[in-house]
Amino acid sequence: MLPTPDAPAAAATVGAKAALTSRSEDFPRWYQEVVARAELAENGPVRGTMVIRPWGYAIWERLQSALDLRIKAAGVENAYFPLFIPESYLRLEAEHVEGFSPELAVVTHGGGRRLEEPVVVRPTSETVVNSYFARWVQSHRDLPLLINQWANVVRWELRPRLFLRTSEFLWQEGHTAHATETDAYAFALRILNDVYVETMTEVARIPVLTGEKTERERFAGATRTWTCEGMMGDGKALQMGTSHELGQNFARAFGIQFTSEEGRLEYAWQTSWGVSTRLIGALIMAHGDDAGLRLPPALAPIEVVVLLVRDSSDVRSAADTLASRLRDGGHRVRLDDRTDTSFGRRSVDWELKGVPVRVEIGPRDLADGKVTVVTRHTRSKATVGIERAAGMVSEVLAGVGEELYREALAARRARTVEVSTVPEAAEAAAGGFALLRWSELGEQGEDALAAHAMSVRCLHPAGDLEAAVRSDREDRSDRASLVAVVARSY
RNA sequence: CGGGAAGUAGCGCAGCUUGGUUAGCGCGCCUGCUUUGGGAGCAGGAGGUCGCGGGUUCAAAUCCCGCCUUCCCGACCA
């Protein structure tokens, strides 16, 4: 609760029966229950597929706009490429096909006949996009070519989990071509920092660690993969987004060549990058509590619910007036006048869905000219004069995002330990992040950790762990000073 | 794909070991009345190809075989 000039007449914390399995008791079960009870998504009829329900989709739409705005601010244009890709395209980049072939969905029949060449349902679009880039890029004047698409992709996952790993998911994938390696490198990091880190921290309010993936964890076909790693409520890491430098791998495979200012024929340098509906999973697991989802206002489909405790003409007109004032103040408001459903049930439901603020209006308080303002993320209640209510809601909403971020950051810090040996890392990463110098860990150590179901989430320059990986850093080969973030992951 | 568990009404489960009338229970749903300040109460009601396919049998939710799906733990990933 924010401190306010005229302090609330009464403050209390909500006490109710547990709506869900607690996080500490069984985190995976808690996660599934939140997804179901908050009406975010359900399994589709085909294994690994997902039906995203309106509440979940509305969150996705808000994430999409936040990302799309920033992607466009980086100079990228949206386009659309086909769902079906000739199987032969995948084979043109050796590492790429090796990485993706185990999880491809392949169409062998169409129009009732066997296809001459099977088509693949895109697992990612590097191959089609780049086959067109080859046609569009002729001159250095055509570069950089910066394209993004919003699409669905299919990867036949072995162990699906709603939002975190589904066989079909929604995402954006960016594909760019540049004249020089330096440009491509800078752009991959620009997307990482200005689009991904910013959206994750400022909009989703989840702290992320950025850094480079090890060779073992790198994207199939990339020369370098940069990642954003978040810590979930159980101490495990989630890869929330990646930005890849592709070098000239795809340019050579697809013939993306241009004539340079000096008149030489050169291959383009490329990047690709993506984030997906997995971000909704991150939101649930980073911010959720034992009462359900907790949404930062920027992503909440509804920021404030005005709830009629019971119906009467006084209550209704007070609620209508308050809802209008809040709407006029620019907030997304829902009037809950379903008084044929009990107060308790409606309260619990809105808490499950994570609506940041709720205003309860009932005859008792109203007789004193008051209403109750409930803050979801702290589950605290305050009674305020009705004329103050709209102002207080705005004040509370203004603070929720920052408080969620700080809470998540504190939780991550509490579970992050610096260690100096591989066995220590394995022990510490059982419950959070372990930081170990890469020179101490190395690829042998990475193999050893794999036996404990642990991995290097990213390599970050020594020093301030939370500092952005800077795109103007010249020294790219000082690997000895890198710190490995070791964790279990989703 | 390997190891483990499970599929019976929208959800959660019992029944299965030892085959045998009409397959039960809780929640939810519908109707009515009373309620509503933290998951309301009473009364009445609707809802089932027992995951799918095959087999054994006079008879299968129950026994046998195959498949599918879900969950947990691994390997793979946004």
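We name chains A, B, ... by the order of the sequence lines, and we start the count at 1 in each one.
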For nucleotides 73-78 of chain B, 5' to 3', base contacts (B), sugar-phosphate-only contacts (S) and non-contacts (-) with protein non-hydrogen atoms under 4.0 Å give BBBBBB
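When the P atom is compared between B:rG24 and B:rG48, the two are found 13 Å apart, to the nearest whole Å. Between the C1' atoms of B:rG38 and B:rA78, the separation comes to 39 Å (whole Å). Taking the P atom of each, B:rG2 and B:rG20 are spaced 36 Å apart, rounded to whole Å. Nucleotides B:rA61 and B:rU49, compared at atom P, are 13 Å apart to the nearest Å. Of the C1' atoms belonging to B:rG15 and B:rC25, the separation is 11 Å, rounded to the nearest Å. Look at the P atom in both B:rA59 and B:rG19: the space between them is 15 Å, to the nearest Å. Comparing B:rG47 with B:rC11, their C1' atoms sit 14 Å apart, to the nearest whole Å. Taking atom P in both B:rG53 and B:rA9, one finds a spacing of 16 Å when rounded to whole Å.
Paired with A:V275 under the rule side-chain contact (heavy atoms from CB on, under 4.5 Å), one option of A:Q64, A:M240, A:M200, A:E173 passes, and it is A:M200. When each of A:E126, A:H175, A:H244 is tested with A:S272 by the rule side chain to side chain donor-acceptor pair (under 3.5 Å), just one qualifies, namely A:E126.
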Which atoms of nucleotides 33-35 of chain B (N or O only) lie under 3.5 Å from a protein N or O atom, and what are those distances?
none

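Ionic pairing of A:R216 and A:E443 is not present here: no N-O contact between side-chain nitrogen and carboxylate oxygen is shorter than 4.0 angstrom. Look at A:E33 and A:R23 and you find no salt bridge, because none of the NZ, NE, NH1 or NH2 atoms lies under 4.0 Å from a carboxylate O. Salt-bridge annotation for A:R412 and A:E466: present, with a side-chain N of the basic residue lying under 4.0 Å from a carboxylate O of the acidic one. With respect to A:D337 and A:R346, no salt bridge is recorded, no charged nitrogen being found less than 4.0 Å from a carboxylate O. Between A:D68 and A:K72 there is a salt bridge, since a side-chain N of the basic residue sits under 4.0 Å from a carboxylate O of the acidic one. A:D311 and A:R316 are joined by a salt bridge, as a carboxylate oxygen and a charged side-chain nitrogen come within less than 4.0 angstrom of each other.
When the shell of 6.0 Å around OH of A:Y132 is examined, it contains 12 or fewer heavy atoms from other residues, nucleotides or ligands. Counting heavy-atom neighbours within 6.0 Å of A:R334 CZ, excluding the residue itself, gives a total of 12 or less.
Computed from coordinates, the A:W30 CH2 to B:rC72 C1' distance equals 18 Å when rounded to whole Å. Straight-line distance from the CG atom of A:D314 to the P atom of B:rG37: 19 Å, rounded to whole Å. With rounding to whole Å, A:N43 atom CG is found 17 Å from B:rC68 atom P. The distance from atom CZ of A:F27 to atom P of B:rC71 is 16 Å, rounded to the nearest whole Å. Here B:rC72 presents its C1' atom at 16 Å from OH of A:Y31, a figure rounded to the nearest Å. One interatomic measurement links the two molecules: CZ of A:R346 to C1' of B:rG39, which rounds to 12 Å at whole-angstrom precision. Between the CG atom of A:L307 and the P atom of B:rG39 there is a distance of 13 Å, given to the nearest Å. In this structure, the CG atom of A:L352 is 15 Å from the C1' atom of B:rC11, given to the nearest Å.
Checked by distance alone, A:K381 brings a side-chain donor or acceptor within 3.5 Å of a matching partner on the base of B:rG38. A:E42 contributes no side-chain N or O that forms a donor-acceptor pair with the base of B:rG10 under 3.5 Å.
Across all strands shown, B:rC27 forms a Watson-Crick or G-U wobble pair with B:rG10, both key distances being under 3.5 Å. Nucleotide B:rU22: unpaired (no Watson-Crick or G-U wobble partner with both distances less than 3.5 Å). The partner of B:rC33, taking Watson-Crick or G-U wobble pairs whose two distances both stay under 3.5 Å, is B:rG41. Checking B:rG74 for Watson-Crick or G-U wobble geometry (two distances, each under 3.5 Å) identifies B:rC1 as its partner. Nucleotide B:rG53 forms a Watson-Crick or G-U wobble pair with B:rC65, both donor-acceptor distances falling under 3.5 Å.
Where A:R338 and A:R29 meet RNA chain B, the nucleotide closest to each residue was compared, and A:R338 sits on the side nearer the 5' end. Comparing A:T341 and A:D26, the nucleotide of RNA chain B nearest to each residue sits closer to the 5' end for A:T341.
Counting only heavy atoms from C-beta outward, the side chains of A:Q270 and A:F133 approach each other to under 4.5 Å.
Across all strands shown, A:D365 has heavy atoms under 4.0 Å from base atoms, whether or not it also approaches the sugar-phosphate. Residue contacts shown for A:T372 include a base, since a base heavy atom lies under 4.0 Å away. Looking at heavy-atom distances under 4.0 Å, A:G48 makes contact with sugar-phosphate atoms alone, never a base.
The six-membered or imidazole ring of A:F187 lies near that of A:H178, with a centre-to-centre distance under 6.0 Å.
Nearest to the side-chain atoms of A:D349 among the listed nucleotides B:rG38, B:rG39, B:rG37 stands B:rG39.
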